[in-house]
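Within every chain, numbering begins at 1; the chains are lettered A, B, ... in the order of the sequence lines, protein sequences first and strands thereafter.
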Amino acid sequence: MAPRKLRSSNASAPRLGKPLKRAFFGRSVHEVAPDLIGATMLVGGVGGTIVEVEAYHHTDPAAHSYRGPTQRNRVMFGPPGFAYVYRSYGIHWCVNFVCEEEGSASAVLIRALAPTHGIGAMRRRRHLVDVHALCSGPGKLTEALGITIDHNALPLDRPPIALHARTADVEVATGIRIGITKAVELPWRYGVKGSKFLSKPFPK
DNA sequence: GCTCGGATTGGCT
DNA sequence: GCCAATCCGAGCG
């Protein structure tokens with residue numbers, strides 16, 4: 001039989017679900033966060049399946065918006081459906097999706113992806129071969145997808161950003177958030193328990 | 001205007 | 001497990 005033609009970089013990519021519109025984000029951050037698990041995030045056609053996120057609510061002392069608007073966090077106080085990008089530890093970029101309604105200043109931090117699209121591009125940007133470590137942390141995935149402050153305030157439903165709903169049911173685990181020192185006990189981390197692409201495993 | 005520390009990562013002990 | 005890298009917002013004076 002004739003050999004099947006191999007697709008070079010997207011061979012493991014699942015069929016994409018329907019595009020997520022801006023209205024998807026106009027809900028409670030605790031509804032949006034679990035609904036993002038299993039969705040596909042692409043920037044310039046490069047990305048993968050979201051496997052780990054964290055919710056940050058404006059009433060939450062760990063949220064950047066907790067003390068009101070600043071130059072850095074002003075996008076969080078705008079309408080839902082936009083990207084909030086900030087610099088972490090002076091070195092890395094982290095990306096959030098603004099949720100709820102204008103002024104509620106709540107967002108979901110994207111923490112890890114299972115790479116599916118443009119894995120070669122991600123490996124080049126990360127100078128890394130192991131696919132499991134390409135996007136296994138909030139600073140890693142922004143480097144892999146080429147996200148910088150230039151992406152701050154961009155709409156989530158327009159190029160270069162594209163989000164697609166998940167196409168299969170996923171069991172979403174919850175746990176305490178990673179790396180924070182305030183409100184450490186809130187179980188606002190959501191993800192795929194047992195995934196090899198997490199920043200850290202969910203406890204048993 | 002100065003100091004402190006963070007929604008992190010990777011390298012070294 | 002420990003720690004440096006490196007920027008900027010927050011808190012205080």
Side-chain angles (χ1 to χ4, degrees), chain A residues 25 28-30 32-34 36-37 39 41 43 47-48 50-78 80 82-100 104-115 122-154 156 161 172-192 195-203:
Chain A
F25 301 95
S28 161
V29 78
H30 299 298
V32 176
L36 282 170
I37 301 302
M41 174 184 186
V43 176
I50 298 173
V51 295
E52 180 184 344
V53 303
E54 286 176 356
Y56 286 87
H57 192 261
H58 71 287
T59 57
D60 161 16
H64 288 173
S65 54
Y66 183 64
R67 289 173 184 79
T70 66
Q71 185 68 21
R72 175 177 71 160
N73 69 17
R74 64 188 167 77
V75 177
M76 283 187 78
F77 289 83
F82 289 82
Y84 163 48
V85 180
Y86 70 94
R87 195 175 295 267
S88 175
Y89 288 87
I91 304 168
H92 309 289
W93 299 109
C94 294
V95 62
N96 295 252
F97 298 162
V98 177
C99 295
E100 303 197 355
S104 78
S106 301
V108 175
L109 170 69
I110 311 304
R111 288 193 56 91
L113 309 178
M122 291 193 259
R123 283 190 165 124
R124 284 191 291 278
R125 288 174 176 148
R126 296 266 296 130
H127 311 288
L128 191 68
V129 172
D130 179 10
V131 69
H132 296 111
L134 284 179
C135 297
S136 59
K140 296 177 184 180
L141 74 88
T142 55
E143 183 174 50
L145 273 58
I147 296 171
T148 70
I149 194 63
D150 291 342
H151 295 78
N152 189 44
L154 290 185
L156 299 174
I161 302 175
V172 179
T174 61
I176 60 170
R177 296 175 292 181
I178 309 270
I180 57 173
T181 58
K182 299 164 195 156
V184 294
E185 74 290 348
L186 297 176
W188 290 356
R189 179 186 182 217
Y190 301 85
V192 180
S195 167
K196 300 184 184 79
F197 300 94
L198 298 173
S199 66
K200 284 176 70 170
F202 281 85

| d(NZ, A:K140; C1', B:dT9) in whole Å | 7 Å
| OP1 or OP2 of B:dT8 sitting under 4.0 Å from any side-chain N/O of A:R111? | yes
| Rounded distance (nearest 0.5 Å) linking atom CD1 of A:I50 with atom CG of A:L141 | 9.0 Å
| note | Among C:dC7, C:dA10, B:dT8, the one nearest any side-chain atom of A:S88 is B:dT8
| Integer-rounded Å distance: B:dG10 P and A:L141 CG | 12 Å
| message | Quick check: do A:H30 and A:E100 have side-chain heavy atoms less than 4.5 Å from each other? | response | no
| request: Determine the interatomic distance between C1' on B:dA7 and the same-named atom on C:dG1; round to the nearest Å. | output: 22 Å
| task | For A:R126, answer base if it contacts any base atom (sugar-phosphate contacts may also be present), sugar-phosphate if it contacts only those atoms, and nothing otherwise; contact means non-hydrogen atoms under 4.0 Å. | result | sugar-phosphate
| query | For B:dA7, which nucleotide in any strand shown is its Watson-Crick or wobble partner with both distances under 3.5 Å? | reply | none
| said: Expressed as a whole number of angstroms, how long is the span from A:I178:CD1 to B:dG6:P? | reply: 16 Å
| 5'-most by nearest nucleotide on DNA chain B - A:G90 or A:E143 | A:G90
| message | When you compare the side chains of A:T59 and A:H57, does any donor N or O come within less than 3.5 Å of an acceptor on the partner? | response | yes
| From B:dA7, C:dC7, C:dA5, nucleotide with atom closest to A:Y56 side chain | B:dA7
| Should A:H64 be listed as having a side-chain N or O under 4.0 Å from OP1 or OP2 of B:dA7? | yes
| said: In whole Å, I'd like the distance from the CG atom of A:N152 to the C1' atom of C:dG9. | reply: 15 Å
| Does the side chain of A:L113 reach to within under 4.5 Å of the side chain of A:V51, using non-hydrogen atoms? | no
| Taking the side chain of A:L109 as heavy atoms from C-beta outward, which of B:dA7, B:dT9, C:dC7 is closest to it? | B:dA7
| request: Report which part of the nucleic acid A:T181 touches: base, sugar-phosphate, or nothing (heavy-atom distance under 4.0 Å, all strands). | output: sugar-phosphate
| said: Just the rounded figure in Å: distance from C1' of B:dG6 to CD1 of A:I91. | reply: 11 Å
| said: Taking the nucleotide of DNA chain B with the nearest heavy atom to each, does A:G179 or A:A133 sit closer to the 5' end? | reply: A:G179
| field | Lys/Arg N to Asp/Glu carboxylate O, A:E143 vs A:R126, below 4.0 Å | value | yes
| task | Looking at every strand, decide which applies to A:R67 at a 4.0 Å heavy-atom threshold: base, sugar-phosphate, or nothing. | result | sugar-phosphate
| Considering only heavy atoms and no angle criterion, is a donor-acceptor pair shorter than 3.5 Å present between the side chain of A:Y86 and the base of B:dA7? | yes
| field | Length of the line joining A:H92:NE2 and B:dT9:C1', which is rounded to integer Å | value | 4 Å
| task | Using a heavy-atom cut-off of under 4.0 Å over every strand shown, decide if A:N96 touches base, sugar-phosphate, or nothing. | result | base
| task | Provide, to the nearest angstrom, the distance between the CG atom belonging to A:L186 and the C1' atom belonging to B:dA7. | result | 13 Å
| query | Is A:D60 salt-bridged to A:R177, cutoff N-O under 4.0 Å? | reply | yes
| query | Within this structure, what is the NZ-to-C1' distance between A:K200 and B:dA7, rounded to whole angstrom? | reply | 13 Å
